[in-house]
Amino acid sequence: MNLKLKVWRQKNAQSEGKIVDYEAQNIPADASFLEMLDILNEQLQAKGEEPVVFDHDCREGICGACSLTINGIAHGPSATTTCQLYMRHFKDGQTIFIEPFRARAFPVVRDLMVNRSALDRIQRAGGFITARVGSAQDANSILVPKKDADRAMEAAACIQCGACVASCPNASAMLFVGAKVTHFASLPQGQPERQQRVLQMVRKMDEEGFGNCSNHYECEAVCPANIPISVIGQLNRDYPAALVKDSVV
Amino acid sequence: MNFLARFYGSSIGKKWIVALTGLVLVGYVIGHLIGNLQIFAGPDKINAYAAFLHSIPGPLWVVRAFLILCFVLHIVTTIKLAVANRAARAQRYAYSASTELKPAKKTMLLGGLVVLSFVIFHLAHFTARVTDERFHHLPKGEYDVHSMVILGFQNPLVAGFYILAIFFLSMHLSHGFQSVLQTLGVQSEKVRRPVTIGGQALAWLIFVGYVAVPVAVLTRQLQVIP
């Protein structure tokens with residue numbers, strides 16, 4: 001298939017970027033979106049042009065490295081990572097806009113590659129437990145109700161890809177932070193630092209310049225790990241409770 | 001730093017303020033509607049209600065002051081959040097699309113501003129009575145709300161703006177009700193669907209209730225009883 005691509009090109013964080021038109025030719029329908037870009041880059045290099053820079057790693061839908069906002073939707077028209085999106089989802093001759101994940105907190109490094117370390121800094125502010133947990137415990141030495149284990153597991157599925165931020169009309173990171181907070185808040189090991197964790201992660205999130213959730217739920221629709229917006233509800237519950245304990249009690 | 005400063009300084013704290021004040025204002029919208037609907041029970045009923053409210057100026061002004069505080073906080077805090085949200089996406093998408101965006105969500109700010117301009121007019125119109133000379137000598141005296149409302153809505157422009165504003169208010173509430181519960185953290189996956197549908201139903205019931213009065217006046221179902 002042949003495609004008309006409108007790709008964001010930007011030399012570096014300081015320079016102004018712009019949309020550049022490309023024709024991608026002879027793309028197999030079973031190529032993944034990233035493979036399509038590989039083919040485009042080969043075609044560009046053959047003409048002596050600079051290839052398009054984009055993030056990718058495992059290409060198995062696990063790592064969360066790939067990004068791209070495709071026709072306005074983070075990771076494109078299927079709720080997977082971009083590497084798991086196949087060209088058969090598009091029509092021959094279709095025009096496709098390919099832009100980087102847009103957020104002030106995600107500065108463009110080059111072309112379609114953005115710096116998502118703001119999420120790492122939020123994670124470092126409290127998204128862990130300090131105690132060394134050692135190797136796996138004997139079964140049933142710490143009792144976790146099935147419901148709580150499921151909830152923790154659901155939240156822990158977050159691969160930190162940043163699609164929630166990219167898709168949010170306000171570039172909010174609350175689905176990400178909510179997932180991290182819910183993950184630990186659902187387990188006994190997360191309790192001792194529960195209060196400080198939510199306070200520090202929210203403070204860092206605000207400092208990094210992410211927006212504020214206005215309950216549009218775009219994030220949930222694009223999340224490749226199916227994180228539900230109820231984790232934002234948990235964040236909304238835990239934060240004021242922790243703040244009351246921290247500043248009043 | 002004290003609790004309130006830290007709370008209001010945070011993203012989640014501001015969202016809570018918008019949600020809590022929104023909840024107070026929804027309560028007021030429902031209370032006001034119940035007051036309005038008394039017009040269908042005839043002039044004596046609603047005029048007595050108006051006279052009663054004015055007979056207790058102390059509590060009336062306490063409630064009014066609280067409502068004004070909530071109204072101002074709701075708007076000022078939302079503007080602060082909206083400014084931060086714009087800044088958080090410095091560079092906009094060339095191609096913007098959405099999977100979830102519904103008209104109600106998209107018009108929260110615009111609709112809110114329409115409602116704000118309406119509230120200012122509405123207070124000048126029926127509360128301060130500065131826009132219509134006739135309201136100063138009503139057939140049944142100062143608290144003849146029945147005649148005042150009917151005279152007011154006989155002007156199609158006034159009735160039209162009222163219906164438009166109530167439409168935007170209902171749109172606002174159809175997203176707002178569910179949004180409040182999510183922000184206050186009381187919404188779970190289990191209750192999400194009923195809360196969303198229930199909130200929308202409540203919003204449009206409010207629309208029907210409010211719009212019934214100007215529609216009844218324009219269709220001459222309600223007339224001034226001399």
Side-chain angles (χ1 to χ4, degrees), chain A residues 6 8 17 19 69-73 77 79 95-100 102-105 108 165-174 198-199 202-203 205-206 209-222 228-230 232-241 243-244 246-248, chain B residues 1-20 77-78 80-102 104-106 108-109 175-192 195-196:
Chain A
K6 290 184 172 290
W8 184 261
I19 297 273
T69 299
I70 300 160
N71 280 348
I73 309 280
T95 301
I96 307 174
F97 278 78
I98 310 172
E99 295 176 78
R102 295 252 184 242
R104 191 179 61 169
V108 171
V165 176
S167 65
C168 175
N170 311 321
S172 166
M174 287 191 188
V198 69
L199 292 177
V202 168
R203 191 172 67 196
M205 171 183 82
D206 291 350
F210 289 102
N212 309 285
C213 173
S214 53
N215 308 323
H216 286 228
Y217 310 145
E218 298 277 342
C219 53
E220 183 185 53
V222 300
I229 50 107
S230 59
I232 303 179
Q234 179 88 47
L235 180 68
N236 289 338
R237 268 197 304 280
D238 277 18
Y239 180 79
L243 196 60
V244 167
D246 192 58
S247 46
V248 182
Chain B
M1 235 194 316
N2 66 47
F3 171 75
L4 276 180
R6 280 178 75 186
F7 190 60
Y8 198 72
S10 73
S11 51
I12 293 178
K14 283 196 209 60
K15 278 163 52 61
W16 265 69
I17 297 296
V18 175
L20 287 174
T77 312
T78 304
K80 277 176 186 278
L81 288 171
V83 168
N85 291 345
R86 295 263 154 147
R89 172 145 306 129
Q91 170 93 45
R92 313 203 75 77
Y93 285 112
Y95 186 111
S96 73
S98 108
T99 49
E100 291 296 303
L101 213 50
K102 303 278 162 27
K105 296 180 183 175
K106 224 171 174 171
M108 286 305 275
L109 264 182
H175 173 61
F177 188 73
Q178 171 280 132
S179 195
V180 163
L181 296 188
Q182 165 71 6
T183 298
L184 299 182
V186 279
Q187 184 172 247
S188 68
E189 288 302 318
K190 267 186 200 155
V191 300
R192 183 162 160 195
V195 159
T196 307

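To find a chain, count down the sequence lines: A is the first, B the second, and so on, and within it residues start at 1.
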> What residues, two or more places apart in sequence or in another chain, satisfy side-chain contact (heavy atoms from CB on, under 4.5 Å) together with A:A79?
Replying inline: none
> After noting the C-alpha distance and the side-chain angles of A:D206 and B:S10, does the key distance pass the side-chain hydrogen bond (donor to acceptor under 3.5 Å, both in side chains) rule?
Replying inline: CA-CA 7 Å; A:D206 291 350; B:S10 73; 5.0 Å; no
> Do B:Y93 side-chain atoms and A:I73 backbone N/O form a donor-acceptor pair below 3.5 Å?
Replying inline: no
> Is the backbone N or O of A:N212 less than 3.5 Å from a side-chain atom of B:K15, with the two atoms forming a donor-acceptor pair by type?
Replying inline: no
>> Please determine whether a side-chain nitrogen of the Lys or Arg among A:E99 and B:R89 lies less than 4.0 Å from a carboxylate oxygen of the Asp or Glu.
In response: no
With a 4.5 Å heavy-atom cut-off, do [X] and [Y] have their side chains touching?
{"X": "A:N236", "Y": "B:L184", "result": "no"}
{"X": "B:M108", "Y": "A:S214", "result": "no"}
{"X": "B:S11", "Y": "A:M174", "result": "yes"}

Which heavy-atom pair separates [X] from [Y] by the least distance, and what is that distance?
{"X": "B:A88", "Y": "A:G209", "result": "CB-O, 3.4 Å"}
{"X": "B:F3", "Y": "A:S247", "result": "CD1-OG, 3.2 Å"}
{"X": "B:F7", "Y": "A:P240", "result": "CE1-CB, 4.0 Å"}

> Can you tell me how far OG of A:S172 sits from CG of B:N85, rounded to the nearest 0.5 angstrom?
Replying inline: 7.5 Å
>> I need the B:K106 NZ to A:H216 NE2 distance, nearest 0.5 Å.
In response: 10.0 Å
With chain B, which of [options] has the greatest number of heavy-atom pairs at distances under 4.5 Å?
{"options": "A:V248, A:V202, A:D246", "value": "A:D246"}
{"options": "A:I232, A:V244, A:I229", "value": "A:I229"}
{"options": "A:R102, A:R104, A:K6", "value": "A:R102"}

Segment of [X] engaging chain B (4.5 angstrom heavy-atom cut-off):
{"X": "A:P100", "result": "backbone"}
{"X": "A:C213", "result": "both"}
{"X": "A:L243", "result": "both"}

>> Among residues at least two apart in sequence or on other chains, which ones pass ring pair (Phe, Tyr, Trp, His ring centres under 6.0 Å) with A:F97?
In response: B:Y95
> Among B:A19, B:S188, B:A90, B:A94, which has the most heavy-atom pairs under 4.5 Å with chain A?
Replying inline: B:A94
> Among B:R192, B:Q187, B:K14, who wins on heavy-atom pairs under 4.5 Å with chain A?
Replying inline: B:R192
> Under a 4.5 Å heavy-atom cut-off, does chain A meet the side chain of B:R86, its backbone, both or neither?
Replying inline: neither
